[in-house]
Amino acid sequence: MTGILPIAKYSSGSELNMFLEYTMASEKAFDDCFGFTEREVDYLFERYQKNGRGNRVTRQGLKEWYDGYHTYSGERMYNPRSVVAALTNDNLGNYWTSSGPYDEIYFYIRNNIGDVREALALMVLGEAVPARIKEYAATSMRLATKDEIFSAMVVYGFLSYENGKVSIPNRELMGKFEEMLRKEETLGYVYRLAKESDRMLEATLAGNVRVMEEILAYAHDTETPLLDYNHETELTAVVNLIYLSARDRYDIQREDKAGTGYVDFIFYPKYDRSLDGIILELKVDNTPEEAIQQIKDKQYDLRFKGKLGEEKLCSGRILAVGIGYDKRTKEHRCKMEVL
């Protein structure tokens with residue numbers, strides 16, 4: 001067993017030329033040995049609960065933070081080191097190291113930004129991106145193309161690969177990519193939009209719809225290379241990006257079950273429940289007033305009140321935000337109400 005890298009041979013006549021290599025992505029044999037399976041995480045979580053040394057980690061939390069990898073046979077896999085660290089420390093968090101391979105691959109991302117920028121932005125928005133993965137592309141660390149860069153990221157565990165597409169596997173890794181989008185100026189317009197996300201959250205909490213409309217208009221003009229922007233899907237992607245910094249303070253869920261329907265975006269306070277909760281509904285070729293009315297009619301705010309006997313998910317205000325986009329005039333309108 002050699003871990004994530006293959007046995008290297010210097011030439012076809014090398015003495016080390018008779019090995020069989022097995023990978024999680026391309027071979028069924030031993031594919032359940034590359035991480036923790038669902039069954040193994042269940043077992044560890046039961047032990048954690050019986051030990052009684054903490055209660056801050058939930059089973060669903062482990063799945064959201066550390067699941068997301070796939071074996072050749074289709075089984076789900078968890079990052080083993082992070083699962084152990086979370087249960088040992090009684091805390092869900094980012095235990096991924098930012099040294100070694102991460103820094104090396106990041107060098108290639110920065111030097112090939114034109115090819116990977118849009119793909120990285122889409123993955124941070126939760127989309128899977130087509131890629132031709134090459135086995136052990138990271139061996140030499142001479143990465144010249146987008147597919148070679150993504151192949152290396154799959155080998156090192158930064159991306160998950162399934163059905164011909166790569167994606168960010170879980171919340172732990174999503175945090176690393178979000179950090180990169182907000183700090184790396186070479187990402188160009190993606191970086192600039194991510195920086196606007198601080199101002200967008202402030203404007204939302206302050207009820208300043210004029211500034212919100214201004215930022216959305218800027219996002220529309222800037223985002224043209226990435227999105228067609230003629231459907232609610234594109235509007236959803238842009239909104240996801242301009243609220244990027246909100247993820248530091250909020251658990252943002254898309255298409256979450258709330259009231260009698262599914263809300264486009266709902267922002268749950270992550271640590272401080274005295275923060276305002278936010279319900280955000282999008283409309284293309286409809287008005288923000290209609291979006292607000294839908295929030296009221298379908299009682300999306302019930303999601304913040306929790307189940308009977310449970311603590312409220314939010315003790316601050318509940319803000320209803322409606323965003324409308326007119327394809328003919330290319331204009332955005334926003335409306336806000338406190339429920």
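Note that the structure is predicted; figures quoted are calculated from it, not measured.
For the atom pair CD of Glu162 and CG of Leu159, the computed distance is 13.5 Å after rounding to the nearest 0.5 Å. From Ile252, atom CD1 reaches atom OH of Tyr268 across 12.0 Å, with rounding to the nearest 0.5 Å. A distance of 6.0 Å separates OH in Tyr218 from CD in Glu196, rounded to the nearest 0.5 Å. Rounding to the nearest 0.5 Å places CZ of Arg81 at 8.5 Å from CD of Glu172. From Asn91, atom CG reaches atom CZ of Arg56 across 4.5 Å, with rounding to the nearest 0.5 Å. To the nearest 0.5 Å, atoms CG (Asp285) and OH (Tyr325) are separated by 8.5 Å.
Counting only heavy atoms from C-beta outward, the side chains of Ile323 and Cys334 approach each other to under 4.5 Å. Side-chain contact between Tyr300 and Leu302 is absent, with no heavy-atom pair separated by less than 4.5 Å. A heavy-atom distance below 4.5 Å is not found between the side chains of Ile295 and Lys298. For the pair Asn170/Met174, no side-chain contact is recorded, criterion being any heavy-atom separation below 4.5 Å from C-beta on. The side-chain heavy atoms of Tyr69 and Arg76, taken from C-beta on, include no pair separated by under 4.5 Å. Looking at Ile318 and Asp276, their side chains never come closer than 4.5 Å, going by heavy atoms from C-beta outward. Here the side chains of Leu205 and Ile278 are in contact, with some heavy-atom distance below 4.5 Å. Within the 4.5 Å cutoff, side-chain heavy atoms of Val83 are placed close to those of Leu87.
Listed here is the closest heavy atom pair of Pro169 and Gly157: CG-O, 4.5 Å. The two atoms that bring Val166 and Phe150 nearest to each other are CG2-CD1, 4.1 Å, heavy atoms only. Nearest approach of Arg249 to Leu201, heavy atoms of both residues: NH1-CD2, 3.9 Å. The two atoms that bring Arg333 and Glu213 nearest to each other are CA-OE2, 3.3 Å, heavy atoms only. Across every non-hydrogen atom of Thr58 and Gly61, the tightest pair is OG1-N, 2.9 Å. Minimum interatomic distance between Pro269 and Gly277 (heavy atoms only, all atoms of both residues): CD-CA, 4.5 Å.
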Apply side chain to side chain contact (heavy atoms under 4.5 Å, CB included) to residues Arg171 and Asp251 and explain how you reach the verdict. CA-CA 10 Å; Arg171 187 181 295 188; Asp251 178 13; 3.3 Å; yes

Could you walk me through whether Met123 and Leu120 pass the side chain to side chain contact (heavy atoms under 4.5 Å, CB included) check? CA-CA 5 Å; Met123 283 190 280; Leu120 287 173; 4.0 Å; yes

Step by step, work out the side chain to side chain contact (heavy atoms under 4.5 Å, CB included) result for His332 and Met212. CA-CA 9 Å; His332 302 81; Met212 293 170 64; over 6 Å; no

Hey, mind stepping through Tyr161 and Ser151 against side-chain hydrogen bond (donor to acceptor under 3.5 Å, both in side chains) and telling me if it holds? CA-CA 9 Å; Tyr161 178 68; Ser151 297; over 6 Å; no

Using side-chain hydrogen bond (donor to acceptor under 3.5 Å, both in side chains), reason through Asp147 and Thr145 one step at a time and then give a plain yes or no. CA-CA 5 Å; Asp147 285 336; Thr145 69; 5.4 Å; no

Pair Phe36-Asn79, side chain to side chain contact (heavy atoms under 4.5 Å, CB included): steps then yes or no: CA-CA 7 Å; Phe36 287 160; Asn79 181 327; over 6 Å; no

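For Val211, the side-chain contact (heavy atoms from CB on, under 4.5 Å) partners at least two apart in sequence or on another chain are Arg199, Ala203, Asn208, Ile215. Remark: Lys270 engages no residue in a salt bridge (charged side-chain N to carboxylate O under 4.0 Å, His left out) (not counting sequence neighbours). Listed by chain and number, the residues in a ring pair (Phe, Tyr, Trp, His ring centres under 6.0 Å) with Tyr250 are Phe267 (sequence neighbours excluded). For the side-chain contact (heavy atoms from CB on, under 4.5 Å) test, residues two or more places apart in sequence or in another chain that qualify with Ala86 are Leu62, Tyr66, Leu92, Tyr95. In this structure, the side-chain contact (heavy atoms from CB on, under 4.5 Å) partners of Glu290, at least two apart in sequence or on a different chain, are Asn286, Thr287.
A side-chain donor-acceptor contact under 3.5 Å links Ser245 to the backbone of Asp198. In this structure a side-chain-to-backbone donor-acceptor pair under 3.5 Å is present from Ser160 to Gly68. Put simply, the side chain of Glu40 gets close to the backbone of Thr37: a donor and an acceptor are under 3.5 Å apart. Distance alone, capped at 3.5 Å, is enough to place a donor-acceptor pair between the Glu281 side chain and the Asp264 backbone.
A 6.0 Å sphere centred on NZ of Lys165 holds no more than 12 heavy atoms belonging to other residues, nucleotides or ligands.
A salt bridge links Glu38 and Arg59; the closest N-O separation between the charged side-chain nitrogens and carboxylate oxygens is under 4.0 Å. Ion pairing between Asp301 and Arg317 fails under the 4.0 Å rule for side-chain N and carboxylate O.
Residue pairs meeting the salt bridge (Lys or Arg N to Asp or Glu O under 4.0 Å) criterion with at least one partner in residues 200-210, sequence neighbours excluded, are Arg210-Glu214.
Tested against Met336 for a side-chain contact (heavy atoms from CB on, under 4.5 Å), the candidates Leu280, Leu319, Ile292 yield a single pass: Leu319. The residue from Gln293, Gln299, Gln294 that alone fulfils the side-chain hydrogen bond (donor to acceptor under 3.5 Å, both in side chains) condition with Asp297 is Gln293.
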